[in-house]
Every structure is written in structure tokens, then in C-alpha cells.
Q: 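Below you will find the structure I want to go over with you.
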Amino acid sequence: MTGGRSAATRARLLATAERLIAEHGVAQVSSRRLGQEAGQANNSAVAYHVGTMEEVILAVLREHGEAMDHIRAAMVDAAEGSTRLRDHVEALVLPTTLHLAELGVPSYYARFAAHVVSDPVLRAPALSVTTSTPVMHRALRAVAAHAGDPADPAILTRSAMARHAIVHTCAEREAELAGDRSGIPGWAETGEILVDGITALLTTARW
């Protein structure tokens, strides 16, 4: 019973951190504020159940990363052997928008991730957590193999541009959907737009 309560408290802390950082940014969310917003009277609740704020943030990234990797694994398998760059870009990009669609409206993860990867201290550990899983390695290797020499400065720059496009386009779309603005593309269309744009970006790098 105690373990169940502890797990529930941890889950509530992570969900609250995700929402607060999405809405206010990393610098505005302290352990104390997080604990209070999550309904914890004890000021040490965050440290006890999760750890430091960096550990809280990385835990949120891991949880969502696992969900996206579950989707991505099947897509990477399906794209294996394809000679079309777009097929491999789909396996890299679409799990993100599919996962965001599963979260419903409002969701907070895309805006949370955008704040985190924009933070100069958190950027490196965040990118390590989100790109170092075996499934992500397979997806990234497949895209690189069909886009050109991964050591080519043009490829490196365009790959960074692609990452920014995914993160910030999804964050903006999430905010728009949360605002209930009519006529904006949903996650399925957003995913296809990103795939088309990133495929064109990486294809151009080979010319």
C-alpha cells in the first residue's frame, strides 16, 4: 500500500512538473513550488520521491520517450530495407506526433520539451536521454544512412535544424490546440508536414 501511494505521488509530481514547466518555463519552477502545486505539504517531497529538479525533468523525458519508442520500434522495423529517405524520416518523426495525439487536449509535453532543450544547462542531458535509446539509435542511423555523410557539416547543420523544427513546431501546435483555435491542423497533419519538410531539408543537403 505504501509503495502504491509512493508511486502515485511520484506520478503526480512528474505530471505537475510537466505542466508547470510547459506553462512557465524551467527557471520559474523550483522543487518547493512543484511540491506545493502537487499538493505535498512536506518541502522535501520532491527530493524524496524523485530527486533534484534535473532528475524530475529527465524522468519526465524518459517516460514520454518510452511511449514514443514503443511506437517507433514498429515503424523502424517496417522501414528497414527501404531506399526512400522519407520512410526513415517518418519512423523518426511520426512517433512524436502520434504520442502527442494520444495525450489528448490539453497536453503539455511538447511545450515542456521545448523549454527544456532551450535551457543551456539541461540541453545536453535532455538530448542524451531522448536520443540515446536503442530504438532512437536505429532510427537516427537509418536517416543518416540515406541523407549522406553524417560527418558532413551541411548534414550536421541540417540535422540540428530538423530537431529544432520537430521540437518547436510541436510546442507551438500544442499551444494552439490547447487554445481551442479552430481551423488549425491536428497532430496527424502536423506530422505529415514535418516529415515532408525534414525530408526536403535533408534531401537538399545531398545536392
Side-chain angles (χ1 to χ4, degrees), residues 1-72 93 95-136 160 163-181 184 186-187 190 194:
M1 195 66 162
T2 301
R5 285 198 298 269
S6 181
T9 299
R10 185 179 189 278
R12 185 161 59 251
L13 287 166
L14 295 185
T16 303
E18 184 179 326
R19 175 179 60 80
L20 288 175
I21 290 172
E23 293 177 337
H24 304 290
V26 173
Q28 301 303 314
V29 184
S30 63
S31 292
R32 183 182 181 86
R33 180 180 183 183
L34 172 55
Q36 290 173 341
E37 293 275 355
Q40 300 300 303
N42 190 329
N43 289 335
S44 63
V46 174
Y48 177 78
H49 289 284
V50 189
T52 65
M53 280 303 299
E54 180 172 326
E55 288 171 325
V56 169
I57 288 165
L58 297 182
V60 173
L61 292 171
R62 285 190 191 93
E63 287 200 353
H64 286 279
E66 288 173 3
M68 288 184 279
D69 272 358
H70 182 73
I71 300 170
R72 184 172 287 112
V93 174
T96 299
T97 52
L98 288 168
H99 175 61
L100 289 166
E102 290 177 346
L103 296 178
V105 178
S107 62
Y108 301 97
Y109 179 68
R111 286 170 286 171
F112 165 89
H115 280 298
V116 171
V117 299
S118 297
D119 184 276
V121 174
L122 293 169
R123 182 183 299 116
L127 290 176
S128 177
V129 164
T130 55
T131 62
S132 63
T133 66
V135 174
M136 275 298 291
R163 182 176 68 249
H164 286 297
I166 296 167
V167 170
H168 295 290
T169 299
C170 287
E172 290 177 8
R173 185 53 38 80
E174 184 179 67
E176 290 170 345
L177 291 170
D180 196 29
R181 289 170 57 178
I184 61 174
W187 287 120
T190 299
L194 281 168

Q: Identify the two heavy atoms, one from Ala59 and one from Val50, that lie closest to each other, and give their separation to 0.1 Å.
A: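 Here Ala59 and Val50 meet closest at CB-CG1, 4.5 Å.
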Q: Check whether any side-chain heavy atom of Gln28 lies under 4.5 Å from a side-chain heavy atom of Leu20, and answer yes or no.
A: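 With C-beta onward as the side chain, the pair stays apart.
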Q: Under the side chain to side chain donor-acceptor pair (under 3.5 Å) rule, what pairs show up with a residue in residues 103-131, not counting sequence neighbours?
A: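 Sorted pair list: Ser107-Glu174, Arg111-Glu174.
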Q: Tell me, please, which residues at least two apart from Glu23 pass salt bridge (charged side-chain N to carboxylate O under 4.0 Å, His left out).
A: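 Checked Glu23 against salt bridge (charged side-chain N to carboxylate O under 4.0 Å, His left out); matches are Arg19.
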Q: If I compare all heavy atoms of Ser31 with all of Val46, which pair ends up nearest, and what's the gap?
A: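 Smallest heavy-atom distance, with atoms named: O-CG2, 3.5 Å.
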Q: Could you tell me if the side chain of Val56 sits less than 4.5 Å from the side chain of Leu13, heavy atoms only?
A: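 No. Closest side-chain heavy atoms not under 4.5 Å.
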Q: Determine, step by step, whether Val60 and Phe112 satisfy the side chain to side chain contact (heavy atoms under 4.5 Å, CB included) criterion, reporting the C-alpha distance in whole Å, the side-chain angles of both residues, the deciding distance to 0.1 Å, and the verdict.
A: CA-CA 9 Å; Val60 173; Phe112 165 89; 3.5 Å; yes
Q: Within a radius of less than 6.0 Å around NE2 of His24, do more than 12 heavy atoms belonging to other residues, nucleotides or ligands occur?
A: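 Yes, because the 6.0 Å sphere around NE2 of His24 holds more than 12 heavy atoms from other groups.
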Q: For the CG atom of Leu58 and the CD atom of Glu55, what is their distance to the nearest 0.5 Å?
A: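 Leu58 CG to Glu55 CD: 8.0 Å, rounded to 0.5 Å.
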Q: Among residues at least two apart in sequence or on other chains, which ones pass side-chain hydrogen bond (donor to acceptor under 3.5 Å, both in side chains) with Thr9?
A: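 Here no residue qualifies.
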Q: When the side chains of residues 163-171 are checked against the rest of the protein, which donor-acceptor pairs come out under 3.5 Å, sequence neighbours left out?
A:
residue	atom	partner	partner atom	Å
Thr169	OG1	Ala165	O	2.7

Q: Out of curiosity, Leu177 CG to Arg173 CZ, how far, rounded to the nearest 0.5 Å?
A: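 It is 6.5 Å, given to the nearest 0.5 Å.
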Q: Got a sec, which residues hit salt bridge (charged side-chain N to carboxylate O under 4.0 Å, His left out) with Glu63, two or more places apart in sequence or on another chain?
A: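 So Glu63 forms a salt bridge (charged side-chain N to carboxylate O under 4.0 Å, His left out) with Arg10.
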Q: Going through the checks in order, is the side chain to side chain contact (heavy atoms under 4.5 Å, CB included) test met by Met53 and Arg33?
A: CA-CA 11 Å; Met53 280 303 299; Arg33 180 180 183 183; over 6 Å; no
Q: Keeping the roles fixed (side chain from Thr133, backbone from Met136), state whether a donor-acceptor pair exists under 3.5 Å.
A: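 Here the side-chain-to-backbone pair exists.
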Q: What is the distance from atom CZ of Arg12 to atom CG of Leu34, rounded to the nearest 0.5 Å?
A: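 Arg12 atom CZ to Leu34 atom CG measures 11.0 Å (nearest 0.5 Å).
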Q: Do His64 and Glu18 pass the side chain to side chain contact (heavy atoms under 4.5 Å, CB included) test, and can you show the C-alpha distance, the side-chain angles, and the key distance before you say yes or no?
A: CA-CA 11 Å; His64 286 279; Glu18 184 179 326; 2.8 Å; yes
Q: Taking atom OG1 of Thr190 and atom CD1 of Ile184, what is their separation to the nearest 0.5 Å?
A: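 Result: 8.0 Å between the selected atoms.
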Q: For a quick check under 3.5 Å, do Gln40 and His49 share a side-chain donor-acceptor pair by atom type?
A: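 Looking only at side-chain atoms, His49 and Gln40 do not form any donor-acceptor pair under 3.5 Å.
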Q: Please report the interatomic distance CZ(Arg62) to CD1(Ile57), rounded to the nearest 0.5 Å.
A: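 One finds 11.5 Å between CZ of Arg62 and CD1 of Ile57.
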Q: Of all residues at least two apart in sequence or in a different chain, which pass the side chain to side chain contact (heavy atoms under 4.5 Å, CB included) check with Glu172?
A: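 With sequence neighbours excluded, Glu172 shows a side chain to side chain contact (heavy atoms under 4.5 Å, CB included) to no residue whatsoever.
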